[in-house]
Amino acid sequence: MKMQLENLAIFGGTPVFVEKLHVGRPNIGNREDLLKRFNDILDRKWLSNNGLYVQEFEKKIADMLGVKHCIAICNGTIALEIAIRALGLSGEVIIPSFTFIATAHALQWQEITPVFSDINSKTHTLDPQKIEMMITPRTTGIIGVHLWGRPCDIERLTELSLKYDLKLMFDASHAFGCSYQNKMIGNFGELEVFSFHATKFINSFEGGAIVTNNDDLADKIRLMKNFGFSGFDNVIHIGTNGKMTEIAAAMGITSIENLYSFVEINKRNYDKYKQELEKINGISIINYDEKERCNYQYIVLEIDEKTTKISRDQLMTILHIENVIARRYFYPGCHRMQPYRSYFPHADLLLPETEKLAKCILVLPTGTSITLEDIEKITQVIQFAVFNASIITQQI
Ligand code: T4K
């Protein structure tokens with residue numbers, strides 16, 4: 001417990017945690033079940049290429065989401081690239097800048113221009129009101145990102161896509177197990193893309209999936225992720241290698257089987273963080289809609305520096321030295337990273353909310369590796385730093 005300034009590790013005190021606490025420590029699930037599946041894979045000697053575990057993983061996802069098709073892919077980024085290509089997107093595509101860089105790269109990699117549109121500062125997702133002014137004759141689509149697992153304004157985005165004849169898809173990397181108007185994410189737009197990276201709510205080491213209710217699109221994606229092969233010696237489409245391995249699918253299945261316990265722990269952690277952080281003026285935790293299904297995978301704080309008198313970056317530094325590796329996702333916004341910064345040097349003028357938010361967000365560790373006691377300690381450091389902000393900021 002930090003009682004005096006010199007107790008803070010930044011001033012030479014002992015860090016609160018001996019080992020680093022990371023945002024994104026993987027949830028493992030039932031280890032015995034996992035190892036049984038690994039052994040089975042080794043015994044059967046079927047390691048990749050649409051094996052039984054990949055098929056089971058896809059079926060489990062499709063059943064759970066109530067969606068017709070699920071195609072497992074080797075990671076979320078390749079899944080985005082395949083999805084974009086399968087939809088025939090070209091020219092310009094509207095996306096938020098406030099997202100992981102993969103959303104933009106998946107377009108640019110295929111020489112499609114990502115056009116960054118501003119977000120709503122409350123929802124952190126694309127602001128439908130700002131989209132119309134970004135549409136040009138070259139625009140072919142919109143990719144909404146369900147950031148932190150909170151769905152975009154799907155209704156308005158759908159209206160806009162119909163009005164301007166644009167393809168609509170979603171980067172649902174954060175939103176596995178979440179719902180919108182009581183329907184599972186995975187059922188919206190032409191298709192949706194999940195990531196099952198190690199740091200995600202459900203993980204398959206590396207992995208991803210494309211889900212859709214469109215039969216033709218699903219057929220095309222299945223070909224594209226396997227070099228365009230239709231049976232032995234017969235290539236009928238351009239393709240790549242987007243296949244998921246059996247070992248990844250085994251992890252994914254085990255992860256899904258433990259989904260309810262993961263949500264329970266994430267919700268417990270979220271409630272505890274909320275309760276503790278409410279005591280601190282100038283710091284708020286984002287809300288999740290209790291009427292919907294949520295995975296509570298991200299503990300996202302907004303730091304109002306005018307009130308706390310200590311900046312987000314100063315707080316982050318203090319936490320890092322205490323071995324709490326808090327992250328400022330998705331700073332500084334894709335528009336400020338290369339190559340986009342060079343392509344659109346003045347993009348910031350059209351992205352005031354993105355700019356503001358990128359400066360005040362801090363993401364804290366949660367998941368199965370974090371205990372309630374850890375949360376008490378983490379929030380106590382934050383509270384202590386904010387209460388002593390004026391002295392601390394003079395000294396660091
Ligand atoms: N769209 C969106 C909106 C996304 O957020 C992402 C990925 C994608 C698309 C692309 O999906 P993938 O192609 O990745 O499937 C991480 C993840 O690598 C990335 O998957 C994720 N978003 C992003 C939000 O976070 P980094 O660069 O912050 O850090 P990373 O991967 O080093 O992991 C963060 C921390 O987690 C580490 O410091 C330690 C801990 N960790 C990580 C791994 C991999 C572990 O404890 N164990 C591990 O095995 O990107």
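Counting convention: from 1, in listed order, for ligands and their atoms alike. Worth knowing before you read on, the calculation uses all heavy atoms, side chains too, and leaves out hydrogens, waters and symmetry mates.
A cation-pi arrangement, defined by a distance under 6.0 Å to the six-membered ring centre and an angle within 45 degrees of its axis, is present between Arg312 and Tyr331.
Ionic pairing of Arg328 and Asp313 is present here: one or more N-O contacts between side-chain nitrogen and carboxylate oxygen are shorter than 4.0 angstrom.
Under the 4.0 angstrom criterion for non-hydrogen atoms, Phe196 is not in contact with ligand 1. Residue contacts with ligand 1 do not include Ala106, since none of its heavy atoms lies under 4.0 Å from the ligand.
Note on ring orientation: taking the six-membered ring where Trp is involved, the planes of Phe330 and Trp148 are parallel (angle under 30°, cut-offs 30° and 60°). Below 30°, between 30° and 60°, or above 60°: for Tyr343 and Tyr340 the angle between ring planes is above 60°, a perpendicular geometry. A perpendicular orientation is assigned to the rings of Phe344 and Phe116, their planes being inclined by more than 60° (bins at 30° and 60°).
Comparing heavy-atom distances from atom 41 (N) of ligand 1 across Gly24, Pro96, Ser369 singles out Gly24 as nearest. Considering each of Pro365, Pro26, Gly76, the one bringing a non-hydrogen atom nearest atom 47 (N) of ligand 1 is Pro26.
Ligand 1 has no nitrogen or oxygen under 3.5 angstrom from a nitrogen or oxygen of Ala198. For ligand 1, the polar-atom distance check against Ser173 finds a nitrogen or oxygen pair separated by under 3.5 Å. Between Arg25 and ligand 1, at least one pair of N/O atoms sits closer than 3.5 Å. In terms of N/O distances under 3.5 Å, ligand 1 is approached by Arg327. For ligand 1, the polar-atom distance check finds no N/O of Ala102 at less than 3.5 Å from any of the ligand's N/O atoms.
There is no protein heavy atom less than 4.0 angstrom from atom 32 (O) of ligand 1. In this structure, atom 20 (O) of ligand 1 is in close contact with the protein, since a protein heavy atom lies within 4.0 Å of it.
If you look at Val23 next to ligand 1, the close heavy atoms, those under 4.0 Å, all belong to the backbone.
Around CD of Glu19, the count of heavy atoms belonging to other residues, nucleotides or ligands within 6.0 Å does not exceed 12.
Considering only non-hydrogen protein atoms, atom 42 (C) of ligand 1 sits nearest to Thr199 CG2, 3.8 Å.
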* Verify side chain to side chain donor-acceptor pair (under 3.5 Å) between Asn50 and Lys243, making sure each step is shown before the conclusion. => CA-CA 7 Å; Asn50 203 29; Lys243 289 170 287 160; over 6 Å; no
* To do: Start with the C-alpha gap between Thr14 and Asn7, add the side-chain angles, then the distance that decides, and say whether side-chain contact (heavy atoms from CB on, under 4.5 Å) holds.
  => CA-CA 7 Å; Thr14 311; Asn7 294 149; over 6 Å; no
